[in-house]
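Working notes, beginning with the structure itself.
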Amino acid sequence: MKKSLDNPTILSPDDAGLYIANISRRAFIKNFALTGFVLAAGFPSLSGADETAAPSEKGKYGADAMPHGWVDNPLVFVAIAEDGTVTIVCHRSEMGQGVRTSLPMVVADELEANWLHVRVEQATGDESRYGNQDTDGSRSMRHFFMPMRRVGAAARSMLESAAAAQWQVPVQEVRAELHQVLHPATGRTLGYGQLAKVAAKLPVPDRETLRLKKPAEFRYISKGRLGIYDGQDIVTGQAQYGIDTRLDDMLYAVVARPPVFGGKVLSYDAKDALKLPGVVKVVELPSSPLPAGFNPLGGIAVIARNTWAAIQGRKALKIEWNNGPHGTYDSLMYKAELEAAARKPGKVVRNEGDVDAALQGAVKRLEAEYYAPHLAQAPMEPPAATARIVKGKCEIWTCTQAPQASRDSVAKWLKLPEDDVTVHVTLLGGGFGRKSIPDYVIEAALLSQAMNGKPVKLTWTREDDLHHSYFHTVSVERLEAGLDAQGKPVAWLHRTVAPTISSTFGPDSKHQMPIELGMGVINAPFAIANLRIENPEAEAHTRIGWFRSVSNIPHAFAIQSFVAELAATAGRDPKDFLLELIGPPQRIDPSTLGDSWNYGESPEAYPLDTGRLRRVIETVARETGWGRTLPKGGGLGLAAHYSFVTYVAVVVEVAVNGDGELSIPRIDVAVDCGPQVNPERIRSQIEGACIMGISLATLGEISFKEGAVVQDNFHAYQLTRMDDAPREIRVHLLPATEFDAPLGGVGEPGVPPIAPALCNAIFAATGQRIRQLPIRDQLRKA
Amino acid sequence: MITLNINGKPRQIDLPTDTPLLWALRDYLGLTGTKFGCGMALCGACTVHLDGEPARACVTPISAAVGKKIVTIEAIGQDATGQKVQDAWLTLSVPQCGYCQSGQIMAATALLKQNPKPSDADIDKAMSGNICRCGTYPRIRAAIKQAAGSTERKS
Ligand code: FES
Ligand code: FES
């Protein structure tokens, strides 16, 4: 840990001079959740900005291919007040990844704004105005770095033009620098606040004419020197999350939902609940027909004067449920079903050479099955939303990763035009994919409607969150390989079986979608002549959704564990074996691996570069001192994985004592995510990914019995705590070759290689091979 | 009607006496800095100080807080140790989503007030009741040590 904190890109006490805290907007934030921000004067045309959302079409990539694309109009994203305060709009949701710092920082840098005089305003859900707002897929910076640079550069150019006009000098003679425009020849200066009014009336310069900064000119980008924008509010308890919304006359609600997915209320009795102090009303919410989509589950809502009264009221309800078709879902039985499916041929999704013949001819063969259970995202802030309907207009305050989908869904359910629904986005107390789905937002809107538009805050308790998530899938991965006399793999057969996310949105979906297969299974970049990948059917019995890094988790766990098992079978060093399997550096067109998706990115700009994959492995091995001697019970495990167009390799060091107790003294992780816009937040994301990876590998499991989730709260759904967390995490960021190289994702790609690296380390330490997650007490000596 | 001493001021609360302090703070008084994470004393998000001791507000009925000095995240910066902890949290950029951090800061402040030079084991013991789903533990540990260092320098 010492080392990672000593790194110059981390804010450390000794370079306090580097720490730039932004406190200028403190006065504004107070009523954030109540009224949103009122825009400061300046740039008066802001609200009438012409919209330049890029069209999204097939055959386009990156942000161009997302719904509503991107917008780079400075009048949409920047306002400058006469006192010089620069307001920058952040249109992506902040959930801990630092986007409310990093995206505005990009604008501020190109704008030559002084960060101390920048305030950030959170956009409401409005993609036709701001471009795509779905904060998921590790793509906020990847998709909006360039548009936000252009926003800043265009605004800077307008300020320079305004100053040049005022001084009646050619614009080439002036330049913007740190919140003012200078005329070096005469020493004159004009502050941004003085120029704002005039600048706002000038035409927005053409995209093609903008002068973007050279990397050497960056003030904030790539430096990692800014404190997080909301830091001061967070440490003083002032930060506003979805669950913190307060409106006048607000009521508080919780909902009793069908314990089994697809279940319905048969009958209920609310008499006792209504007698409790503080309980105001009990309302039935209709259940929705399957497939689930974003629809709420239905159930019985208790509306009260405070959250506690609502929770007490819910306890007093007597409800009879019809469990519906999924009432027998049982995780133990389902695991056996998945295993049976994995042992039979399934739909072939990639096929090269002749695997069967090569297996026949192999000198050694190895088979292994890996199991990874359902997981719940369990953000520390459970889902919450507040709704109010006034004169047919609905306003929502919520912690959502999907502001536009929330808006669309509420409009649909309340039968209102989209323009009459406003979704204010609060801070998110974690998201991890759960808050990409607005079921809870719709619930809040329906409850306000049931109360004649009165403001209602819906809170999900932890039990609600664990019982009714859109769960991470559950999977069996079966691998089989053959080695030749030299121990070189000559055949590779992988069967991946898991219920698919598409089952949540369409009936009878039993095969993984291209985006799921593209998460590390179909595009395994291995130099093996005979290779076949199959995807047998799996039926879903619950709502399958997105969990940070999604299908990469089971795929990386199985593949990177299996490679280490093969290395052991061949009697080889796991690192050398992995590097040989990857083969020489080459830039592979993902479509040649059967991956038509490639995280939505262009195959030319984003080939699968095995040179970069090799480099993260070599880096992490060097930094950790691969092969170093460890105390008794110690072991090092390596895993590498490419996801979200970023390359990550990890070495986990474990110590397993005589009782089989596991501890993790150190993790080294090497990351090549292309150019690093905010290295400080990249490091924090990778540190967090390490801990989430350890948590899911050692403890994480959601299981079902009689159709319902077994785990109620954190005693049963355990998460890694301080005492079991890795003691030291060293993040090694690989420098990008050039700053114009395409950006990779950051939020998710750290997670997938952790579990296999951990299990490989346990094998190195003990000789015990873990093939079933979570590890829990599998290492314990009885 | 119950009167509680919250952040140095008497506050009147008209709620049933078994109502947990958490909901009295959040819903009745509007002190939303104290967070809900589990409701069962499992996560530490709701940590406040009762007479200087860390307590889980989600399982503390308001009746049990009568006569005690209650301090929440909103006022912990008025305490010298609390302020050092907040400063350390900012200089090391500890928070990710930030949601757990009220509870973490309250737990860390209570630790440092009782034990100005905690060892790693002391930190584990004092902080393991507080879950951080974002995984900020290494920075929390570093920030506690930094705050401990600055406590020492200044006293
Ligand atoms: S909310 Fe009180 S400990 Fe979790
Ligand atoms: S910072 Fe997000 S839960 Fe701790």
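Naming convention: chains lettered A, B, ... in sequence-line order (proteins, then strands); numbering from 1 in each chain.
For B:Ile105, the part sitting under 4.5 Å from any heavy atom of chain A is the side chain, from C-beta outward, and nothing else. For B:Leu31, no part sits under 4.5 Å from any heavy atom of chain A, backbone or side chain. Only the side chain of A:Arg681 comes within contact range of chain B, judged by heavy atoms closer than 4.5 Å. Residue B:Tyr28 touches chain A through its backbone alone, counting heavy-atom pairs closer than 4.5 Å. Contacts of A:Ala378 with chain B are made by both backbone and side-chain atoms, with heavy-atom separations under 4.5 Å. Proximity to chain B is limited to the backbone of A:Met95, based on heavy atoms less than 4.5 angstrom apart. Heavy-atom distances place both the backbone and the side chain of B:Glu74 under 4.5 Å from chain A. Only the backbone of A:Gln377 comes within contact range of chain B, with at least one heavy atom under 4.5 Å from a heavy atom of that chain. Interface residue A:Leu719: only side-chain heavy atoms are found under 4.5 Å from chain B.
Shown here for B:Asp27 and A:Arg246, the closest heavy-atom pair between the two residues is O-NH1, 3.1 Å. Nearest heavy-atom pair across B:Gly98 and A:Tyr241 is C-OH, 3.1 Å. Here the shortest heavy-atom pairing between A:Arg721 and B:Asn130 reads NH1-N, 4.2 Å. When every heavy atom of A:Met722 is checked against every heavy atom of B:Ile140, the shortest pair comes out as CE-CG2, 3.6 Å. Minimum heavy-atom separation, A:Glu680 to B:Ser93: OE2-CB, 3.3 Å. Looking at every heavy atom in both residues, A:Asn713 comes nearest to B:Met40 through ND2-SD, 3.3 Å.
The closest side-chain heavy-atom distance from A:Ile228 to B:Pro95 is below 4.5 Å. When side chains are defined from C-beta on, A:Glu381 does not count as touching B:Cys97, because their heavy atoms never get closer than 4.5 Å. Using a 4.5 Å heavy-atom cutoff, the side chains of B:Phe36 and A:Pro382 are in contact.
A:Ile729 CD1 to B:Arg139 CZ: the interatomic distance, rounded to the nearest 0.5 Å, is 10.0 Å. Taking CG of A:Asp712 as the reference point, atom SG of B:Cys38 lies at 12.0 Å (rounded to 0.5 Å). In this structure, SG in B:Cys132 is found 7.5 Å from CD1 in A:Ile691, a value given to the nearest 0.5 Å. Taking OG1 of A:Thr720 as the start and OH of B:Tyr137 as the end, the distance is 7.0 Å to the nearest 0.5 Å. The CG atom of A:Asn306 lies 9.0 Å from the CH2 atom of B:Trp23; values are rounded to the nearest 0.5 Å. Note: B:Gln83 CD to A:Thr236 OG1 = 11.5 Å, rounded to the nearest 0.5 Å.
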Run A:Ile243 and B:Tyr99 through side chain to side chain contact (heavy atoms under 4.5 Å, CB included) and show every step you take. CA-CA 10 Å; A:Ile243 204 170; B:Tyr99 190 79; 3.5 Å; yes
Test side chain to side chain contact (heavy atoms under 4.5 Å, CB included) on B:Leu90 and A:Gln232 and set out the steps. CA-CA 7 Å; B:Leu90 287 175; A:Gln232 183 74 27; 3.3 Å; yes
Given the rule in the salt bridge (Lys or Arg N to Asp or Glu O under 4.0 Å) test, do B:Asp124 and A:Arg727 qualify, once you have shown the distances and angles that lead to the verdict? CA-CA 11 Å; B:Asp124 280 345; A:Arg727 194 42 66 94; 2.6 Å; yes
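In terms of non-hydrogen atom pairs under 4.5 Å with chain B, the most contact-rich of A:Met692, A:Met380, A:Arg462, A:Met250 is A:Met380. Chosen from B:Ala88, B:Cys100, B:Ser128, B:Ala45, the residue pairing most often with chain A at heavy-atom distances under 4.5 Å is B:Ser128. For chain A, the option among B:Met127, B:Lys35, B:Lys125 with the highest count of heavy-atom pairs below 4.5 Å is B:Lys35. For the set B:Leu22, B:Thr136, B:Ile131, the count of heavy-atom pairs under 4.5 angstrom toward chain A peaks at B:Ile131. Among the candidates B:Leu42, B:Leu15, B:Ile123, B:Thr19, the residue making the largest number of heavy-atom pairs closer than 4.5 Å to chain A is B:Leu42.
Judged by distance alone, with hydrogens and angles left aside, the side-chain atoms of B:Arg133 form no donor-acceptor pair with the main-chain N or O of A:Phe432 at under 3.5 Å. Proximity of a side-chain donor or acceptor of B:Gln101 to a complementary backbone N or O of A:Val235 within less than 3.5 Å is not detected.
Under 4.0 Å is where a charged nitrogen must lie from a carboxylate oxygen, and between A:Glu687 and B:Arg141 no such pair does.
The number of heavy atoms from other shown groups lying within 6.0 Å of CZ (A:Arg666) is above 12.
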